[in-house]
Number of protein chains: 2
Amino acid sequence: MNSTHVEDRARQLAQGLKQAGLRLTPQRLSICRALAERKDHPTAQALYETLQKSMPTLSQATVYNTLEALVELGLIQDLGEAGDGATHYDIDPRPHINLVCTRCHRIVDLKEPALDGLAQRAAARSGYQVLGARIVYYGLCPECQHTTQ
Amino acid sequence: MNSTHVEDRARQLAQGLKQAGLRLTPQRLSICRALAERKDHPTAQALYETLQKSMPTLSQATVYNTLEALVELGLIQDLGEAGDGATHYDIDPRPHINLVCTRCHRIVDLKEPALDGLAQRAAARSGYQVLGARIVYYGLCPECQHTTQ
DNA sequence: ATGCATGCAAACTCTTTGCAAACGC
DNA sequence: GCGTTTGCAAAGAGTTTGCATGCAT
C-alpha cells in the first residue's frame, strides 16, 4: 500500500470510467485519486469535504454521480450506511467481510475465502444478474466494547 | 408458512420485546403481527401505511422505534436500502443471502450453508462483538433483465 | 462543434426529535 | 401510581434534481 500502488489504483478507476464511455474530467480524476488515497470507508460527504479544499467549486452532485458510476461499474462497493445514516464506500471491490461498528462507525475489512465464488453460485441458483455485493456484519469494535457510552 | 406459523412468529417477536423489558402496547403488537404476515421485505414506511388503515393514530415514530428495538434484539434484520433510498427489513434473522433487484426493489432470500458460523468466525478473528448481519447481493432480477427500462 | 458534465441551490424523502398526554404494568 | 410509550408535527440530514454554463473529446 505505497504511493505507487495508490496511483495505480487511481488510474484503474479513471480508466474504468473512460472505458465506460464517461469523460475524464478534472473532477472525476480528483475523486478517483481521493478514493485511492483513502484507507477508510468514506461517505460521499467526507469525500466532498476533503476534495473541496483543493477544488472549492466542486459540487456534491458530481461526487454522488461519480460514486454511483463507479459502483455500477463494479469498481468500488456501496456498503450502505454504518449506523450514521450515510452511505459508506469500499475502495476494494473484491468479496470480503466488512465489520461495521455501530457506535464509532468505523469499518474494517476481513478477508474470507468462504465468500469466493459465492456471488456466482447465488446468481446461478436465483437467476439474478449480480452486479455488486454488500457483506456486512455490524456490532461493536473492540474499543467500543470497553467504553461505557 | 400457514396462518398458525404466522401467529407463532408474531408471538415470538412480541415475547422477545417483552423479555427485553419493553411494554407490550397495542401498537407494538400490531407491528409484530404485520411483520409476521409479510412475505416481502418491507420498509418502515410500507409497514406504517399498512398499519394505518386499522390504526389511524399510529405514528411513524412508533414504527421506527419498534423496528429498531427488534433489530437490536436480533429478531429481525436491517437490510439497508434497496436502491430506493429506504431501509428494508427481513423478518427472518437467520444468516442467509438477500438478493436485491436495484430496478424493481424486490428482495429474495437464498439459503446458503457457507454462511453458517461465518459471523462467529469473523467475530473471533476481529475482536468485534457481532450483533447483526447484512449479506446482500444486488443486481437485476430475472424479470428486470428482460425489460428495456 | 457537440453534447455530456458541472455547479448551484432548492427540493425531496426518509428518519429523528421534543414534549405533553395516555396507558401498560 | 410510576415511568415508559405514544402521537403529533416540525426539524434534520443525506441525497437528488433542474437548468444554465462550461468543457472534454
Side-chain angles (χ1 to χ4, degrees), chain A residues 13-32 34 41-73 76 78-89 100 102 105, chain B residues 13-32 34 41-73 76 78-89 102-103 105:
Chain A
L13 295 175
Q15 284 302 312
L17 290 175
K18 186 171 189 179
Q19 283 170 27
L22 299 174
R23 292 180 182 169
L24 283 189
T25 65
Q27 290 86 346
R28 285 177 176 160
L29 283 171
S30 295
I31 292 167
C32 290
H41 299 70
T43 64
Q45 301 264 347
L47 282 170
Y48 172 65
E49 283 160 22
T50 302
L51 285 163
Q52 218 180 15
K53 292 169 189 162
S54 56
M55 216 177 202
T57 65
L58 179 70
S59 79
Q60 306 198 61
T62 301
V63 177
Y64 281 101
N65 287 338
T66 304
L67 288 172
E68 189 185 346
L70 289 169
V71 168
E72 285 185 0
L73 292 169
I76 63 176
D78 171 346
L79 295 182
E81 54 101 41
D84 53 0
T87 300
H88 289 251
Y89 293 87
V100 172
T102 51
H105 310 137
Chain B
L13 296 175
Q15 283 302 311
L17 291 175
K18 187 173 188 178
Q19 283 171 26
L22 299 174
R23 292 178 181 170
L24 284 189
T25 65
Q27 291 86 345
R28 284 177 177 160
L29 283 171
S30 296
I31 292 167
C32 289
H41 299 70
T43 63
Q45 301 265 348
L47 282 170
Y48 171 65
E49 284 161 23
T50 302
L51 286 162
Q52 219 181 14
K53 292 170 190 164
S54 55
M55 216 177 202
T57 65
L58 179 70
S59 78
Q60 305 199 63
T62 301
V63 177
Y64 280 102
N65 288 338
T66 304
L67 288 172
E68 188 185 346
L70 288 169
V71 169
E72 284 186 357
L73 291 169
I76 63 175
D78 172 345
L79 295 182
E81 54 101 41
D84 53 1
T87 300
H88 289 251
Y89 294 88
T102 52
R103 187 170 289 171
H105 310 137

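Just so we're on the same page: letters track the sequence lines, and every chain starts at 1.
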Note, [X] side chain near [Y] side chain (heavy atom, < 4.5 Å):
| X | Y | result |
| --- | --- | --- |
| B/L67 | B/T87 | no |
| B/M55 | B/Y48 | no |
| B/I31 | B/T62 | yes |

Problem set entry | DNA chain C: 5'-proximal contact among B/Q45 and B/K18 (nearest heavy atom) | B/Q45
For this session: Report the residue (A/L22 or B/E68) whose heavy-atom-nearest nucleotide on DNA chain C is the more 5′ of the two.
Result: A/L22
Exercise. For DNA chain D, what residues of residues 53-63 of chain B have any heavy atom nearer than 4.0 Å?
Worked result: B/T57, B/L58, B/S59, B/A61, B/T62
Please name the pair of heavy atoms, one in [X] and one in [Y], separated by the smallest distance, quoted to 0.1 Å.
| X | Y | result |
| --- | --- | --- |
| B/P56 | B/S54 | CD-C, 3.8 Å |
| A/H41 | A/H88 | O-ND1, 2.7 Å |
| A/L17 | A/A69 | CD2-CB, 4.1 Å |

For this session: Could you list where the contact with chain A starts and ends along DNA chain D, reading 5' to 3', using a 4.0 Å heavy-atom cut-off?
Result: D/dG14 to D/dT25
For this session: Evaluate the side chain to side chain contact (heavy atoms under 4.5 Å, CB included) criterion for residues A/Y89 and A/D78: first the C-alpha distance (whole Å), next the side-chain angles of each, then the deciding distance (0.1 Å), finally the verdict.
Result: CA-CA 5 Å; A/Y89 293 87; A/D78 171 346; 4.3 Å; yes
Exercise. Are OP1 or OP2 of C/dG7 and a side-chain N or O of A/Q27 less than 4.0 angstrom apart?
Worked result: yes
Between atom [atom1] in [X] and atom [atom2] in [N], what is the gap in whole Å?
| X | N | atom1 | atom2 | result |
| --- | --- | --- | --- | --- |
| B/N65 | C/dG24 | CG | P | 17 Å |
| A/D84 | C/dT15 | CG | P | 14 Å |
| B/Y89 | C/dC14 | OH | P | 13 Å |

Problem set entry | Side-chain (A/R28) to main-chain (A/R23) donor-acceptor, under 3.5 angstrom | yes
Exercise. Got a donor-acceptor pair under 3.5 Å from the side chain of B/R23 to the base of C/dC25?
Worked result: no
Problem set entry | Spacing of B/L58 atom CG and B/E49 atom CD [to the nearest 0.5 Å] | 11.5 Å
Exercise. When we call it a touch if two heavy atoms are under 4.0 Å apart, what does B/T43 touch: a base, just sugar-phosphate, or nothing?
Worked result: nothing
Exercise. When all nucleic acid strands are considered with a 4.0 Å heavy-atom cut-off, which category describes A/E81: base, sugar-phosphate, or nothing?
Worked result: nothing
